[in-house]
Amino acid sequence: MMLLFLFLLFSAFSPALAWIPVQDWDSGNVTASVGSSGQCVCHVFLPDTTFPADRVEHMQQVSKDLIVEVEIQKNKLVKYEDKLVIYLAELKDLEERLTIMQSSPDDYIKLDFELLRIELREFEALVSQLKNSLNSSSSLFDSLYIEIQNMTFIVNQLETYDKSNLEVIRYQFAKLQKKLEECQIDQDIIKPDVGNCNHTGILSISNPLVVQLNAHLNSNYLYGGWGRDSKPIRGNENLHFYGAYSGPEMVYDFYFYSNYDNLILRKAIKQYTLPNDWRGTGNNYIVHSDAIYYQHDSPFSMTKLNLTSSQYEYRVISAASQSFSYAYSSNQNLDFAADETGLWVLYASTQNMGKIVIAKIDEKSFGIEAVWHTGMYKQSVGNAFMVCGVMYATRSVDISTEEIFYAYDTKTKQERNLSITFKKFQDKYTNLDYNPIDQKLYMYNNGYYVSYNVKFSKE
């Protein structure tokens with residue numbers, strides 16, 4: 001009977017035995033018989049006599065992992081639901097603003113419509129991201145897409161209602177910018193002494209004057225430049241320019257404006273689209289004496305486009321290297337600058353171990369007339385510009401502060417460390433140039449026109 005007891009005990013723990021009926025004991029794995037002394041003899045064949053504890057433990061662990069995963073997915077779903085509620089609330093706010101614009105479209109300028117379009121595009125991207133995160137499709141997402149498309153159509157339609165009123169508002173905005181600059185001068189923030197170098201250098205930089213978003217009204221055009229002719233010819237005394245692109249690799253067109261007001265109004269008098277053979281790179285171009293100077297990509301050289309004759313010419317600077325650019329952007333190997341003393345190009349060379357070389361350009365021959373080797377590594381510099389024969393180099397202090405930290409005087413061949421800080425509208429910029437005509441710094445700051453007044457130390 002002991003064997004029968006052991007058999008029953010194994011049956012309680014082994015599914016392989018528990019299902020065997022008593023009547024089947026004489027077949028398969030179990031046989032029963034009566035011994036010679038009349039005792040009951042059971043013969044049991046157990047293929048696996050070891051209790052499967054490892055498999056039970058594995059199943060318990062899998063069960064725990066599944067419970068944790070379910071909780072994670074539940075929490076994600078709650079977060080997505082919360083986000084969806086926020087998106088719907090913001091979309092409703094956009095609808096309310098659009099309703100107001102429908103009631104009085106003439107009261108809104110071009111930028112209002114463009115900002116609405118940008119927000120709608122952002123909403124569409126967010127809805128798409130949410131849909132992909134949930135890896136599902138539903139009527140809710142479809143309705144959101146349709147609603148965004150409808151609102152975009154209404155914005156585009158409203159913008160065509162009153163162009164004349166729109167132009168008036170832009171013009172008023174330009175006048176307001178001028179009044180602000182006049183106010184700065186009246187308050188002794190800056191006293192320009194245009195054309196003179198009777199000072200000992202830069203003393204301070206004003207707060208940034210953020211003019212507006214670029215002429216394309218596109219926040220993705222992060223690379224570019226703007227400003228005015230640093231040596232204007234007669235009849236074009238107030239010539240302004242602009243060019244911008246979505247990447248630093250290619251420079252291919254420029255827009256020109258008869259004055260500052262028309263720059264604000266986006267009324268270009270001329271647009272130059274560079275032929276494929278004359279396209280540039282780097283975004284460190286300037287306009288000087290009715291010609292635009294920029295970096296030619298192939299061959300690597302400095303290029304001049306005469307705006308009057310539309311003639312191109314280039315000069316290779318054999319010492320200049322394409323291996324060194326400014327810290328904020330790639331491809332800025334040749335940086336053109338102008339000041340009270342003439343036209344310059346800044347570059348780095350392997351002979352100078354990646355440090356900045358200052359070269360004076362002969363404007364008549366379009367050649368290099370003199371060079372100075374500085375001790376400043378170009379890749380540690382955010383940008384640089386020239387004032388009265390002195391090169392000033394900048395670097396970032398933090399996301400809202402820039403510092404002029406180094407200067408090299410081409411007259412004395414002396415270099416010195418400085419600490420002149422000024423505010424930035426946004427973190428990075430791709431073009432910074434001084435203009436001797438109005439003693440201002442012109443910065444292209446992540447798609448925005450920004451300018452600064454410069455104050456000098458008295459002798």
Side-chain angles (χ1 to χ4, degrees), residues 223 225 227 230-231 243 248-252 254 274-307 311-339 341-387 389-394 406 408-411 413 415 430-434:
Y223 302 88
S230 52
K231 187 182 177 182
E249 301 84 8
M250 193 69 70
V251 171
Y252 50 84
F254 301 101
L274 304 180
N276 290 337
D277 292 343
W278 290 101
R279 290 192 171 185
T281 186
N283 300 295
N284 268 352
Y285 40 78
I286 63 166
V287 175
H288 184 78
S289 191
D290 206 44
I292 188 160
Y293 294 82
Y294 65 94
Q295 176 181 326
H296 195 197
D297 189 27
S298 180
F300 172 54
S301 57
M302 59 178 186
T303 300
K304 173 184 178 182
L305 166 59
N306 187 307
L307 300 178
Q311 295 297 310
Y312 295 83
E313 56 181 317
Y314 72 90
R315 296 288 185 274
V316 174
I317 305 175
S318 58
S321 172
Q322 289 182 275
S323 301
F324 308 99
S325 185
Y326 288 134
Y328 289 140
S329 179
S330 59
N331 299 85
Q332 294 187 319
N333 311 115
L334 302 179
D335 182 12
F336 296 92
D339 65 1
T341 66
L343 185 63
W344 308 80
V345 62
L346 313 176
Y347 59 88
S349 67
T350 53
Q351 294 89 339
N352 203 36
M353 301 178 65
K355 298 174 184 178
I356 295 177
V357 177
I358 304 170
K360 186 71 176 294
I361 298 176
D362 185 321
E363 295 181 45
K364 291 184 178 180
S365 66
F366 191 36
I368 302 299
E369 64 179 56
V371 296
W372 294 261
H373 295 83
T374 76
M376 180 53 57
Y377 289 100
K378 185 170 182 178
Q379 291 173 317
S380 66
V381 174
N383 218 296
F385 57 91
M386 300 293 297
V387 178
V390 178
M391 186 199 77
Y392 293 90
T394 70
Y406 174 86
Y408 183 95
D409 193 332
T410 58
K411 296 176 185 177
K413 298 183 180 180
E415 53 187 352
T430 56
N431 188 296
L432 180 67
D433 273 308
Y434 170 78

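Both backbone and side-chain heavy atoms feed into the values below; hydrogens, waters and symmetry mates do not.
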Given the side-chain rings of F254 and Y285, with only the six-membered ring counted for Trp, is the space between their centroids under 6.0 Å?
yes

Is it the case that the side chains of Q295 and N333 hold a donor-acceptor pair, with the cut-off being a distance below 3.5 Å and no angle test?
yes

Please report the shortest heavy-atom distance between S365 and R315, naming the atom on each side.
O-NH2, 3.3 Å

Distance col, row L346:CG vs K378:NZ, nearest 0.5 angstrom, shows 7.5 Å

Mind running side-chain contact (heavy atoms from CB on, under 4.5 Å) on K360 and I358 for me, showing each step along the way?
CA-CA 7 Å; K360 186 71 176 294; I358 304 170; over 6 Å; no

Heavy-atom closest pair, residues Q379 and A327
O-CB, 3.6 Å

Between the side chain of D290 and the main-chain N/O of L307, is any donor-acceptor distance below 3.5 Å?
no

Would you list the atom pairs, donor with acceptor, under 3.5 Å between side chains in residues 347-357 and any protein atom, with sequence neighbours excluded?
unit_1: S349; atom_1: OG; unit_2: N352; atom_2: N; d: 3.0
unit_1: N352; atom_1: ND2; unit_2: K355; atom_2: O; d: 3.3
unit_1: N352; atom_1: ND2; unit_2: T374; atom_2: O; d: 3.4

Of all heavy-atom pairs linking E415 and G375, the shortest is OE1-N, 3.3 Å

To the nearest 0.5 Å, what is the distance between CZ (F336) and CE (M386)?
14.0 Å

Minimum side-chain heavy-atom gap I368-I361 below 4.5 Å
yes

Check: Q311 main-chain N/O paired with N306 side-chain donor or acceptor under 3.5 Å:
no

Closest non-hydrogen atom pair, T410 against G389:
OG1-O, 2.7 Å

Name each donor-acceptor pair under 3.5 Å that joins a side chain in residues 296-303 to protein atoms two or more places apart or in another chain, with its distance.
unit_1: H296; atom_1: NE2; unit_2: D277; atom_2: O; d: 2.8
unit_1: H296; atom_1: NE2; unit_2: S298; atom_2: O; d: 3.4
unit_1: S301; atom_1: OG; unit_2: P299; atom_2: O; d: 3.0

Counting heavy atoms not belonging to Y314, are there more than 12 under 6.0 Å from its OH?
no

Please round to the nearest 0.5 Å and tell me the distance separating atom CD of Q332 and atom OG1 of T430.
6.0 Å

With F385, which of Y326, Y408, Y392, Y406 fulfils ring-ring contact (aromatic ring centres under 6.0 Å, His included)?
Y392

Which atom pair, heavy atoms only, marks the closest approach of V251 to G282?
CG2-N, 4.0 Å

Quick check for you: to the nearest 0.5 Å, what is the distance between M391 atom CE and M376 atom CE?
7.0 Å

Just do the side-chain contact (heavy atoms from CB on, under 4.5 Å) check on D339 and V390 with the steps written out, would you?
CA-CA 9 Å; D339 65 1; V390 178; over 6 Å; no

For L334 and A320, which heavy atoms make the closest approach, and how far apart are they?
CD2-CB, 4.0 Å

Are K304 and Y312 in a cation-pi setup, meaning NZ or CZ lies under 6.0 angstrom from the ring centre and within 45 degrees of the ring axis?
no

Value for OG (S230) from OH (Y293), rounded to nearest 0.5 Å, stands at 9.0 Å

Looking at CG of D335 and CG of N431, how far apart are the two atoms once the value is rounded to the nearest 0.5 Å?
7.5 Å

